[in-house]
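Note that the numbering runs from 1 along the sequence shown for the chain. First listed ligand is number 1; within each ligand, the first listed atom is number 1.
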Amino acid sequence: MSRAYDFLIVGAGLYGATVAQRLHEAGKKVLVIEKRSHVAGNAYTRKMEGIQVHCHGAHIFHTDDTDVWEYVQRFASFNRFTNSPVANYHGELYSLPFNMYTFNRMWGVVTPEEAAAKIEEQRKAAGITEPRNLEEQAISLVGTDIYEKLIRGYTQKQWGRPCTELPAFIIRRLPVRLTFDNNYFNARYQGIPEGGYTAMVERMLSGIEVRLAADYLADRAGWNALADRVIYTGAIDAFFDDCLGSLAYRTVRFETEALDTPNFQGNAVVNYTDEETPWTRIIEHKWFEFGRGGDGNELPKTVISREFPAEWKPGDEPYYPVNDEKNGKLYQAYRALADRETNVVFGGRLGEYRYYDMDQVIASALQKSGELIAGSGKAE
Ligand code: UDP
């Protein structure tokens with residue numbers, strides 16, 4: 001008996017929405033189900049006080065991949081926002097990412113040569129040749145002063161683990177430059193979708209059946225009966241009922257408030273890099289759109305969100321995979337189980353337990369949907 005849908009897509013975040021869009025466009029019958037009451041996953045935005053609020057943390061789209069950039073342009077116009085966060089260390093303000101403005105403020109150095117010499121001197125004093133963890137990687141990239149003031153406290157709050165127990169790749173996400181350039185990303189393309197991510201994802205899903213507040217794992221036999229194949233974008237360990245133990249995730253609690261002032265911090269993102277301040281960063285959402293609402297008017301109020309990272313426990317939303325050695329091994333064991341599932345594709349940050357950026361999620365979803373359309377794709 002033929003089933004009602006060719007594909008059941010579990011999760012309406014960027015991975016699920018991209019696969020759904022591509023399969024639907026290729027003429028497949030697609031059903032998207034989403035546990036939450038909204039689409040767009042953690043990129044979800046909602047208007048408050050005329051401002052698009054990034055409800056699950058700041059999402060700044062950036063990519064080097066022209067195909068991905070052209071793809072997203074089909075569903076939104078992107079503004080020219082460039083991320084230039086400020087670090088606040090006990091009231092001292094530093095430019096991010098680490099660049100000549102940061103080095104000048106930290107050491108009073110003026111030329112790139114002086115900055116490079118200072119970093120080299122501190123790296124040598126620390127005796128690091130081959131960095132084995134985040135702490136050693138950070139010191140070898142920017143020296144001990146910047147590590148102590150701008151990295152150690154922030155990272156320990158963010159990950160709840162000492163920097164010596166974290167993988168080096170996490171800090172390599174940040175550029176280090178001997179130029180005066182406060183652009184946080186090296187990417188060729190960058191911006192925020194005008195009108196918000198929710199509207200963008202809704203456009204991706206236009207014409208596709210989406211059921212919200214629908215929990216796949218609560219009735220998987222019932223859902224599986226509806227479609228020939230499943231694209232699952234939830235947490236991989238939850239799919240297997242945590243049978244090998246739980247993978248670790250970091251979650252984030254947000255305290256969001258509207259304030260009766262037009263300008264709270266003068267920037268979209270301010271990181272609090274000391275250990276004592278309990279939040280990691282404050283987002284002032286209006287600056288993602290240059291302080292103006294969608295109608296182009298100046299806004300009299302502002303909305304801010306403080307971010308409090310914490311270890312994930314059942315019932316919380318998982319945000320970040322903890323890609324340390326122990327969890328890497330456990331993921332590989334789940335991956336082996338996933339490979340035996342002939343009818344299920346696992347994708348996205350939670351399905352692949354990878355610290356993906358949005359553009360990488362979309363690239364991976366475009367690749368996988370291409371394979372599925374071409375007929376080569378069982379699961380992997
Ligand atoms: N980081 C830091 N100080 C900062 C900003 C970032 O030490 O002011 C480190 C921290 O370990 C963090 C990592 O760099 O987890 C990656 O930062 P990114 O901004 O890419 O994190 P995301 O925006 O994905 O949370």
Side-chain angles (χ1 to χ4, degrees), residues 14 41-43 54 56-63 81-90 92-99 101-103 105-106 131 133-177 182-187 190 192 248-254 265 267-275 277 279-283 288 305-312 317-324 349-350 354-361:
L14 288 173
N42 282 351
H54 296 216
H56 303 284
H59 281 70
I60 299 147
F61 200 90
H62 56 97
T63 189
F81 179 81
T82 301
N83 192 26
S84 305
V86 170
N88 181 325
Y89 177 78
H90 293 303
E92 291 172 24
L93 300 185
Y94 293 91
S95 296
L96 292 174
F98 311 118
N99 73 84
Y101 289 111
T102 329
F103 306 140
R105 175 86 171 86
M106 186 69 67
N133 55 51
L134 196 153
E135 175 176 294
E136 293 183 2
Q137 178 69 75
I139 293 171
S140 96
L141 285 170
V142 287
T144 34
D145 290 338
I146 290 180
Y147 171 66
E148 298 288 339
K149 286 190 169 183
L150 304 185
I151 298 174
R152 193 180 57 195
Y154 185 96
T155 300
Q156 291 187 180
K157 289 189 290 186
Q158 169 74 13
W159 296 99
R161 291 157 174 76
C163 294
T164 46
E165 288 173 22
L166 287 164
F169 85 86
I170 291 178
I171 200 69
R172 290 199 300 267
R173 288 170 59 84
L174 273 59
V176 178
R177 315 185 174 110
N182 287 332
N183 183 350
Y184 199 60
F185 303 114
N186 281 326
Q190 180 171 184
I192 305 273
Y249 300 90
R250 295 296 283 171
T251 190
V252 187
R253 181 172 63 82
F254 297 93
Q265 65 183 15
N267 205 31
V269 183
V270 177
N271 291 359
Y272 287 77
T273 58
D274 63 278
E275 265 165 84
T277 307
W279 53 85
T280 45
R281 53 190 170 194
I282 301 183
I283 307 302
F288 290 126
S305 299
R306 289 186 172 79
E307 297 190 9
F308 300 84
E311 199 69 6
W312 175 89
E317 293 291 348
Y319 281 81
Y320 297 86
V322 179
N323 291 117
D324 60 10
R349 208 185 243 213
L350 300 175
R354 274 186 64 180
Y355 192 177
Y356 270 139
D357 287 329
M358 287 184 284
D359 65 320
Q360 296 169 316
V361 163

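- Protein heavy atom at the shortest distance from atom 18 (P) of ligand 1 is Tyr184 OH, 3.6 Å.
- Atom numbering of ligand 1 starts at 1 in the shown order; those under 4.0 Å from a heavy atom of Thr273 are 8 (O).
- Ion pair Glu275/Arg152 flagged as a salt bridge, since at least one NZ, NE, NH1 or NH2 atom sits closer than 4.0 Å to an Asp/Glu carboxylate oxygen.
- The distance criterion of under 3.5 Å between nitrogen or oxygen atoms is met by Leu150 with respect to ligand 1.
- The side-chain contact (heavy atoms from CB on, under 4.5 Å) test with Val86 singles out one residue from Leu96, Asn182, Asn267, Asn271, and that residue is Asn267.
- Interface of Ile151 with ligand 1, defined as ligand atoms under 4.0 Å from a residue heavy atom, comprises 7 (O).
- What sits closest to atom 9 (C) of ligand 1 on the protein, heavy atoms only, is Ile171 CD1, 3.5 Å.
- Between Asn42 and Glu317, the side chains place no donor N or O within less than 3.5 Å of an acceptor N or O (distance only, hydrogens not considered).
- Of all protein heavy atoms, the one lying nearest to atom 22 (P) of ligand 1 is Tyr355 OH, 3.3 Å.
- Among protein heavy atoms, the minimum distance from atom 5 (C) of ligand 1 is reached at Asn271 ND2, 3.3 Å.
- Remark: minimum distance from atom 14 (O) of ligand 1 to any protein heavy atom is reached at Leu174 CD1, 3.4 Å.
- Atom CZ of Arg306 sits in a crowded spot, with more than 12 heavy atoms from other residues, nucleotides or ligands closer than 6.0 Å.
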Side-chain donor-acceptor pairs under 3.5 Å in residues 160-167, sequence neighbours left out?
| from | atom 1 | to | atom 2 | distance (Å) |
| --- | --- | --- | --- | --- |
| Arg161 | NH1 | Trp159 | O | 2.7 |
| Arg161 | NH1 | Glu311 | OE1 | 3.1 |
| Arg161 | NH2 | Glu311 | OE2 | 2.8 |

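- Contact record, Arg177 with Phe103: O-CE1, 3.4 Å, taken as the closest heavy-atom pair.
- Each of the following atoms of ligand 1 lies closer than 4.0 Å to a heavy atom of Leu96: 8 (O).
- In this structure, Arg152 falls outside the shell of residues with a heavy atom less than 4.0 angstrom from ligand 1.
- Residue, atom and distance of the protein heavy atom nearest to atom 20 (O) of ligand 1 are Arg173 NE, 2.8 Å.
- Side-chain N/O atoms of Gln156 and Tyr154 include no donor and acceptor closer than 3.5 Å.
- Nearest protein heavy-atom neighbour of atom 23 (O) of ligand 1: Arg281 NH1, 3.2 Å.
- Taking 4.0 Å as the cut-off between side-chain N and carboxylate O, Asp274 and Lys149 do not count as a salt-bridged pair.
- In terms of polar-atom proximity, defined here as any N/O pair under 3.5 Å, Tyr154 makes no such contact with ligand 1.
- With rounding to the nearest 0.5 Å, the separation of OG1 in Thr155 from CD in Glu135 is 10.5 Å.
- In the vicinity of Ile170, heavy-atom distances shorter than 4.0 Å reach the ligand 1 atoms 11 (O), 13 (C), 15 (O), 16 (C).
- At the shortest separation from atom 10 (C) of ligand 1 among protein heavy atoms lies Thr155 OG1, 3.3 Å.
- Looking only at atom types and distance, the side chain of Gln137 has a donor-acceptor partner in the side chain of Arg172 under 3.5 Å away.
- The option from Tyr272, Tyr147, Trp159 that lies nearest to atom 15 (O) of ligand 1, judged by heavy atoms, is Trp159.
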